[in-house]
Structures are given as C-alpha cells and as structure tokens.
Amino acid sequence: MALGNVRVFVAILVIAVAAACGGGEPSEPMSAEPTGGPPATPLDPATAGNVTGMVVLEGTPPDPERIRMNADPVCVREAIETETEYYMVGDDGSLGNVFVYVKEGLGNRSFPTPSEPFTFDQRGCRYRPHVFGIQVGQTLEILNSDPTLHNIHAIPALNDEFNTGQPIQGMKFERTFENPEVMVPFKCDVHGWMNAYVGVLDHPYFAVSDGSGTFEISTLPPGDYVIEAWHEELGTQTQNVTVGEQETVEISFTFSIS
Amino acid sequence: MIWLHRYATLVAAASLVLIVAGGLVTSTGSGLAVPDWPTSYGYFMFSFPFSNMVGGILYEHGHRLIASTVGVLTVLLAAGVWRVDPRRWVKWLAVVALAAVVLQGILGGVTVLYFLPAPVSISHAGLAQIFFGLVVSLALFTSPGWLRGYRATGSGGRDSAPPVTDDQVLRRLAMATSVIIYVQILIGATMRHTGAGLAIPDFPLAFGRVVPSDWNQAIFVHFAHRVGALVTLAAILTTSGHVWAHHRSRKELTHPALFLVALVVSQIALGGWTVLSGKAVAVNTAHVATGALVLVTSLVLMLRAHHSRFPGAVLLTRAAGVVRATLPDTHSSVVSSPSPEGRL
C-alpha cells in the first residue's frame with residue numbers, strides 16, 4: 001500500500017479511537033453557593049399564625065405493586081421497601097406524601113435562604129424522602145447510601161436539568177435550584193422504579209403530609225392565602241384561608257379516586 | 001475478494017446488532033443511565049467493571065461497547081477495501097461508512113451530554129440507518145453476484161445468460177420506495193423521541209375512529225407514522241409487483257422483492273402490537289430492527305436494479321485469470337492481467 005494511504009488510515013484510526021476512548025475526569029458535580037437573595041422581610045413572631053390540617057382520600061386506590069429489582073442484585077439484597085408508593089393511604093383514608101404549600105398571599109415578602117442543607121438520600125434503592133420541599137438557593141445535598149451505582153436525574157421545567165452519576169457508596173454532591181417550581185421530578189435512569197418529587201419555593205411555608213395525613217405550616221404572617229395541595233397521581237386542590245394574629249386555622253383536603 | 005465480501009457481511013450483521021442494542025436503550029428508557037461521555041461513570045469505556053453493568057447501565061453501556069466494536073470493525077473494513085478492491089468509488093464508499101460511524105459515535109455522546117434533545121436523538125437514529133445501509137451496500141458491491149453482473153456462469157467461464165435488463169421504471173420505483181421507507185423511519189424516530197409512541201392508544205383505529213377527532217403535536221406525529229406505513233406498504237407492493245411482472249426469472253430481484261413484502265407486513269403487525277402492548281420492550285425493539293431490515297432490503301433491490309449504471313462493472317473470469325472491465329459509457333472492453341494492486 002502506498003505510504004500516502006498508510007498515513008490516511010493512521011489519521012482515520014486516531015480519530016476513531018479518540019472518539020471512542022477518552023480519559024476524562026468523572027463528571028464534576030455542579031454545585032453553587034446558596035444565593036443570598038434580597039434582604040428578608042422582617043417578621044413579627046408575636047403575630048404569626050399556623051395552618052394545620054389533614055389530607056384524606058375518598059375511594060379505593062390501586063393496590064401497591066411489588067417492584068422487581070432483579071436488574072440490580074445489590075438492590076435485591078439491600079431493599080427494604082419493595083412496593084410502589086404512589087398512594088400512601090392509612091386505614092382511616094389518610095393520605096400521605098401530599099405537598100401542601102402557600103401558593104398565593106405572601107405578596108412581595110422575601111425570606112432568608114436556609115443555610116442548612118437538605119439531605120436527599122438514595123437508600124435501599126429508593127429515594128428518601130419521596131416528596132419534599134426546599135427553598136430557592138438552599139443547598140440540596142444528594143447522598144448515595146447504597147453500595148451500587150445510582151444516577152440522579154432531575155427534570156425541571158423552570159430550572160436547569162441535571163443528570164449526575166454517583167457510582168460509589170457515600171458519594172454526595174450539592175445542587176441548588178434558582179427558580180420556584182412545583183414540582184420537580186427526579187428519576188434514576190439506572191433503576192427505573194426510583195422516582196421522587198421536590199417542591200421548590202421562595203418561602204418556607206410548605207409541608208408534606210405524613211403517614212397520618214396531617215401537615216402543619218407554621219409561623220405564617222396574618223393574611224389571606226391560597227393553600228394548594230399537590231399529589232403525584234391525584235393532581236392539585238386549593239383552598240382560601242384567612243390567618244389571624246396568633247391564630248391556628250385547620251383545613252382539610254379531600255381527594256377522590258374512582 | 002470473497003473474504004472481503006464475507007467480512008463486509010459480518011460488519012453488516014454487527015451493525016444490525018448495534019441497531020437492536022440502540023433500540024433497547026430507548027425502549028427501556030436507559031438513554032441517560034450513564035450520565036457522562038466518553039467516560040462511563042468516570043471509567044475509561046473499556047475498563048468499566050462488568051459487575052456495575054446493572055439496570056439501565058447494561059443497555060446504555062452495552063450499546064457503547066457494541067458501537068465501539070462496530071467502529072473498529074468498520075476501520076478494518078475500510079482498510080480491507082482500500083487494500084483489495086480495485087474500484088475507486090468503492091474505496092471512497094468505505095471511507096464514507098467510516099466517517100458515518102465516527103459521526104454516529106459523536107452524536108450519541110452529544111445526545112447524552114445534552115439530556116437527549118429530540119433533534120439530536122432523531123439524527124442519531126437516522127444516521128444509524130444510513131450507516132447500516134452503507135455497510136450493506138459494501139457487502140453487496142463485493143459480492144460474487146454483483147461482480148459477475150448477475151450472469152449465470154457456464155462451462156469454461158463463458159457468460160451464458162443475458163445481463164440485467166435496464167428497466168428505468170424499476171429503477172425509479174425502487175428508488176422512490178427506498179426514500180419513502182427512510183422518511184417513514186424518520187417519522188418513527190420523531191415519534192419515539194418526542195414521547196408520542198402511545199399518543200394514540202388503540203389500533204388499528206385512532207380513539208375508536210379512522211381519523212382522530214382531536215389533535216395535538218404528539219397525535220399528529222403518531223398518526224403520520226400510521227399513514228406513512230400505508231404509503232410504504234403501497235410503494236413496496238407496487239415495486240415488488242413490478243419485479244414479479246417483468247423480471248420473474250431474475251432471482252437477484254425477486255428474492256429481495258419477496259422478502260420486502262414479508263418484512264413490511266411483519267413490520268405493520270409489530271407496529272400495531274407495540275401500541276396494543278403499551279410499548280412492550282421486546283416488541284418495540286423488534287419493530288425498530290425490522291424497520292432497518294425493510295430499508296436495507298429495499299436498498300439492495302434498488303442497487304441491483306441500477307447495477308448496469310455503476311462505473312467499472314468488473315466481470316471476474318476465474319478460469320482465464322483475466323480481469324475484464326466493461327465500461328458502460330463506451331461499451332468497450334478492456335482486457336488486462338490484474339496488477340498487484342488490482343487498480344481499475
């Protein structure tokens with residue numbers, strides 16, 4: 001073969017190998033310093049009120065399904081909860097994992113960004129917690145407690161999407177969200193059954209109903225508010241409430257399923 | 001030369017395996033199971049531990065490994081063609097195939113790094129089909145039948161059958177059919193990568209009607225793919241019907257024509273089954289792979305219909321050890337002993 005042809009093929013081979021190989025560094029987690037934001041509006045705790053309540057489900061939800069985790073033997077070994085968690089319903093119809101928050105009524109108030117990070121864990125090949133809230137600019141600390149690979153893939157509409165691998169147990173990295181968004185889905189592309197939701201708000205007035213369906217939003221300034229309850233399968237509901245000085249208002253949300 | 005043909009056929013088969021692997025990635029939702037590229041969770045691609053190939057990583061990283069293997073096979077194929085094949089246009093076709101597989105690897109990496117943007121994912125799917133077609137073409141152009149001009153060889157190495165009829169109608173039908181099939185594949189890729197695969201949940205009707213009453217972008221793309229299937233079927237039946245009506249004695253034409261009909265009927269059944277099964281992974285992936293086979297089968301038919309129009313049709317006469325080149329534009333023959341490089 002002519003020497004010129006040899007050179008051409010060596011060049012092509014180098015390009016092909018370079019495209020297939022590469023020893024880049026592992027993906028750097030994209031973390032950002034929590035944003036300071038505008039100065040916080042002074043709040044008089046002596047006048048603050050509370051909104052408490054309960055979320056219930058009318059009707060019979062589908063039975064939880066057993067998750068087949070055979071795709072990863074580590075998950076089969078480590079998993080504790082092996083059923084789907086779309087509906088967390090108590091014997092009395094109480095509905096858990098409902099994100100309840102103040103949707104309207106805070107006006108132009110601004111609130112300090114918490115300095116303490118929120119820990120979001122991958123444990124037993126499930127996301128914990130399944131539904132949670134965080135403030136804009138607050139550090140979300142994502143931890144892999146499992147002895148297997150996970151990738152943490154957030155699919156927001158109003159914030160930056162990210163997808164980062166966590167191949168090592170104990171690995172953690174930090175993210176912040178810059179814009180309010182209800183809700184941001186999370187998924188693991190390695191383990192397709194893993195999913196979670198986070199509500200990102202520019203204020204601290206949110207809660208997630210627990211196993212007994214109860215929630216509490218505390219230290220709310222007096223005023224008129226729209227409170228919204230969000231469920232991953234049942235959608236949203238809203239209620240108008242008026243919170244007086246040092247008043248605790250009780251409300252309830254009733255979702256229905258046919 | 002026969003060994004080059006066999007090797008090209010091997011690469012074509014490997015390319016089909018790669019298409020299946022790629023189809024599995026999308027069908028299982030594993031496209032982002034390995035978030036980084038060209039590394040895999042920070043590992044050099046070929047040193048990623050097999051024990052870590054779990055869940056979606058098995059499909060995504062497995063796809064990368066197969067793709068890299070096909071890339072290396074294509075490099076060797078291109079080298080072999082340059083070394084052995086005397087036809088300059090075949091040499092450059094091999095280079096184009098190599099460039100296509102390199103570009104395909106880059107597209108695959110880009111689509112991962114940018115979270116599977118639909119235009120890039122669709123381009124990745126479309127280029128996969130083009131690459132598969134290029135490799136199948138190389139296998140065809142190096143095949144004994146092609147090199148003989150699809151003439152039956154009698155005793156003493158003399159040609160005993162007339163050459164392929166120059167059928168302009170067949171050429172046009174086969175080319176149009178191949179284009180229609182490729183467009184249908186692109187529509188299918190668009191449907192797949194925009195989440196419109198189940199935009200119409202029933203089959204063969206659409207929301208219980210022949211034509212949907214309500215529309216959105218997803219329903220439009222999905223319905224276009226169904227209409228495209230009918231157009232593709234009509235094109236294939238027309239082309240194959242023409243072959244059977246006018247070239248029934250030409251096996252090089254009737255075989256792909258018959259195979260094409262069988263494939264498109266299977267493909268339509270698989271498409272309906274994909275919808276009715278809620279996009280079951282195996283069915284969905286088989287639909288992708290069969291689509292690729294429909295395309296390359298039509299491509300083979302098209303190329304064979306164009307055989308007489310290719311430059312430097314080389315008729316190898318083994319007995320005489322002489323290479324006779326028939327130049328279609330001059331209708332003259334050049335007879336020579338083959339040079340060491342076999343250059344035409």
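Here is the naming used below: chain letters follow the sequence lines, and residue numbers restart at 1 for every chain.
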Taking every heavy-atom pair that is under 4.5 Å apart, which of V190(A), D72(A), N70(A) has the most such pairs with chain B?
V190(A)
Given a strict heavy-atom distance threshold of 4.5 Å, which part of Y114(B) is in contact with chain A: side chain, backbone, both, or neither?
neither
Would R128(A) and F120(A) count as a cation-pi pair here, with the cationic atom under 6.0 angstrom from the ring centre and within 45° of the axis?
no
Pair E141(A), T119(A): side-chain N/O donor-acceptor within cut-off below 3.5 Å
yes
Just so I understand: if I count every heavy-atom pair under 4.5 Å between each of S30(B), A33(B), G56(B) and chain A, which residue has the most?
A33(B)
Name the orientation class of the two ring planes belonging to F186(A) and Y127(A) (parallel below 30°, tilted from 30 to 60°, perpendicular beyond 60°).
perpendicular
So NZ of K279(B) and OG1 of T28(B): to nearest 0.5 Å the spacing works out to 11.0 Å
Greatest number of non-hydrogen atom pairs under 4.5 angstrom with chain B, of Q166(A), E161(A), H191(A), falls to E161(A)
